[in-house]
Amino acid sequence: MTIVLALVIGALFGFVLDRIGATNPTVLIKMLNLKALGLMKAILLAIGVGSILMFGGQMAGLVDVGHMSVKAAYLGVFIGGLLLGTGWALSGFCPGTGVCAAATGRKDALFFILGGLLGAAAYMLTYPAWKSSGLLSGLAGGKVTLGTVPGSKFEGLTAISGDLLGLGLGVLFVVIAFVVPDTLRSDADAVAQPAE
Amino acid sequence: MTLNWKLGGLALGAVFFLAVLLVKPIGVSTQFVILDGIIGDAVSTELVTKTDDGYTSTNAYLAKSSGKYAKSVANPLNYSFVFVVAMMLGAFASMKARGGNGSDENRLPAIHYANFGDTPVKRYAIAFVGGFIVLYGARLAGGCTSGHMMSGMMQTALSGYIFAVGAFAAAIPVAMMMYRKG
């Protein structure tokens, strides 16, 4: 049964990633160089919608709180984020979109995956050094949510009701998605074009 | 064709919600480790071994958390690995339905052409190096754009916010410096 769900949800996710342009490195890079923020708006809206449905569903008792899975916070999360961001901007791919881009026939995505397999292998070999450095030790409680979610196995960073905070932040993400402009930088090339 | 951001964002949010509702939050980057493990175990069968109460590995990373990753390497037909294979099927179906990327685009994306001209080998080298850094960073962080940024922030996880700040703090300046045209 879980394999059927993996096939259905995975295929939906891959389909939608392609439909929002996330398998196209040009779209990702133009989001990151702030020239075309449509994808950013879609991502912000998605986080907001996901949050509202999940926390709303949990409050109504329709969604199993036990399905939440919160990752640990540690200094390496920030360092790893910086690294991922760098490679993301260079290549225009992240792990999920790179895999999907390869499936749509993009040759450069195959090189991304090959590099990714070697990068993951390099981490597997250097993991003991990171572990002993202390940079993987939990910060601020490790696996925590910003508020305290009733019935959740994860602790809250604050005592604020995690459900209400989740709903509120969800609404905030939706609002930000609408407020973010389509572009933050005028395209110099387009501006320089003489009027016909 | 490409959905507008409102429809696209709604659809993407619905998929992330569906995953939490039915199974667990979406994540992708771990599966690069699992595929590495599968390849490694095929080359050297001692990499992953069965124990009395599960699996372990000679590699400390695969062996961590009571051999959680080692178990997935030994059983590739698990939810998370099949999920990523299914993502490829979904993206492929969408590409077919919209008529493909075109052979020029498949050879070299427009943004690279606009900045560096017709240099596919350079693009493949950038993609390779980018992939290496992305996955090394994702494993150090314990997740990627899907697991930390989308699933994490959606659940109000502190780690998701820390990750997103780091990722954008690096990605925006790098993209602005490297891709000035197009």
Side-chain angles (χ1 to χ4, degrees), chain A residues 2 6-7 10-16 18-21 25-26 29 32-33 38 41-42 45-47 49-51 53 69-71 73 76-78 80-91 94-96 100 103-105 108 111-112 115-116 119-121 123-124 127 144-146 166, chain B residues 2-3 5 8-9 11-13 15-17 19-20 24-25 28-29 32-33 36 60-61 79 82-83 86-88 90-92 94-95 106 109-111 124 127-128 130-137 139-141 144-146 153-154 156-159 162-163 166-167 170-171 174-176 179:
Chain A
T2 57
L7 284 169
L12 278 173
F13 185 39
F15 191 94
V16 173
D18 185 67
R19 278 308 148 122
I20 59 174
T26 302
I29 289 169
L32 295 175
N33 73 12
K41 289 162 78 76
L45 180 62
I47 294 174
V49 167
S51 219
L53 290 174
S69 175
V70 172
K71 293 174 187 283
V77 173
F78 185 71
L82 288 172
L83 285 172
L84 179 136
T86 304
W88 187 20
L90 288 175
S91 63
C94 47
C100 288
T104 71
D108 49 352
F111 288 90
F112 174 87
Y123 185 73
M124 289 163 72
Y127 167 73
V144 294
T145 47
L146 300 180
Chain B
T2 310
L3 293 172
W5 71 268
L12 191 61
V15 172
F16 272 87
F17 170 66
V20 176
K24 62 174 182 176
V28 176
S29 68
F32 279 76
V33 170
D36 276 335
Y61 192 58
Y79 176 83
V82 171
F83 185 92
M87 281 173 69
M88 297 182 78
F92 179 80
S94 166
M95 176 276 290
N106 276 340
I111 190 86
Y124 302 153
F128 178 84
F132 188 97
I133 305 173
V134 164
L135 265 300
Y136 192 92
R139 283 301 85 212
L140 171 58
C144 61
T145 331
S146 305
M153 289 171 78
M154 168 182 140
T156 69
L158 174 65
S159 52
I162 294 174
F163 176 84
V174 170
M176 286 176 68
Y179 297 98

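The model shown is predicted, which means the values in this text are computed figures rather than measured ones. Both backbone and side-chain heavy atoms feed into the values below; hydrogens, waters and symmetry mates do not. Proteins get letters first, then strands, A, B, ... in listed order; numbering begins at 1 in each.
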Q | Nearest atoms (heavy-atom pairs only) where A:A120 meets B:F32 | A | CB-CB, 4.0 Å

Q | Stepwise side chain to side chain contact (heavy atoms under 4.5 Å, CB included) test for B:L135 and A:Y123 | A | CA-CA 8 Å; B:L135 265 300; A:Y123 185 73; over 6 Å; no

Q: Name the member of A:A42, A:P25, A:G96 that forms the most heavy-atom pairs with chain B at distances under 4.5 Å.
A: A:A42

(Q) I need the residue from B:R139, B:K24, B:M87 with the largest number of non-hydrogen atom pairs under 4.5 Å to chain A. (A) B:M87

Q) Who wins among A:V49, A:T2, A:I20, A:L53 for the most heavy-atom pairs under 4.5 Å with chain B? A) A:L53

Q. Got a second to check how far B:M88's CE is from A:D18's CG, nearest 0.5 Å?
A. 12.5 Å

Q.
I need the residue from A:G166, A:C94, A:S91, A:A121 with the largest number of non-hydrogen atom pairs under 4.5 Å to chain B.
A. A:S91

(Q) Please find the pair of heavy atoms, one from A:S51 and one from B:M154, that lie closest to each other, and give the distance. (A) OG-O, 2.7 Å

Q.
Measuring from atom CE of B:M153 to atom CG of A:L146, what distance do you get when rounded to the nearest 0.5 angstrom?
A. 9.5 Å

**Q.** Winner by heavy-atom pair count (cut-off under 4.5 Å) against chain B, out of A:L7, A:I29, A:D108
**A.** A:D108

Q: Please determine, among B:C144, B:G9, B:A11, B:A60, the option with the most heavy-atom pairs under 4.5 Å with chain A.
A: B:G9

Q) Between the main-chain N or O of B:S94 and the side-chain N or O of A:R19, is there a donor-acceptor pair closer than 3.5 Å? A) yes

Q: Find the one option among B:T156, B:V28, B:V174 whose heavy-atom pairs under 4.5 Å with chain A are most numerous.
A: B:T156

Q: Please look at B:F92 and chain A and tell me whether the side chain, the backbone, both or neither of the residue comes under 4.5 angstrom of a heavy atom of that chain.
A: both

Q.
If I measure from the heavy atoms of chain B, does A:Y127 come under 4.5 Å with its side chain, its backbone, both, or neither?
A. side chain

Q: Quick one: closest heavy-atom pair of B:A175 and A:A89, and the distance?
A: N-CB, 3.7 Å

Q: Using side chain to side chain contact (heavy atoms under 4.5 Å, CB included) as the criterion, point out the one residue from A:V16, A:L12, A:L45 that pairs with B:L12.
A: A:V16

Q. Between the side chain of B:S159 and the main-chain N/O of A:K71, is any donor-acceptor distance below 3.5 Å?
A. yes

Q: Compare every heavy atom of A:M124 with every heavy atom of B:V33, then report the nearest pair and how far apart it is.
A: CG1-SD, 3.9 Å

(Q) I'd like to know if the side chain of A:T26 reaches the main chain of B:I111, judged simply by a donor and an acceptor atom lying under 3.5 Å from each other, with no hydrogens or angles considered. (A) yes

(Q) Going by side-chain contact (heavy atoms from CB on, under 4.5 Å), name the residues that satisfy it together with A:F111, two or more places apart in sequence or in a different chain. (A) B:Y124, B:A127, B:F128

Q: Measure across B:A141 and A:G81 and return the closest heavy-atom pair with its distance rounded to 0.1 Å.
A: CB-N, 4.2 Å

**Q.** Between A:T104, A:T86, A:V144, the one whose heavy-atom pairs under 4.5 Å with chain B are most numerous
**A.** A:T104

Q) Side chain of B:Y179, backbone of A:L90: donor and acceptor closer than 3.5 Å? A) yes

Q) To the nearest 0.5 Å, what is the distance between CD1 (B:I133) and CG (A:L84)? A) 10.0 Å

Q.
Looking at every non-hydrogen atom in both residues, tell me the closest pair between B:I162 and A:A73 and how far apart they are.
A. CD1-CB, 3.9 Å

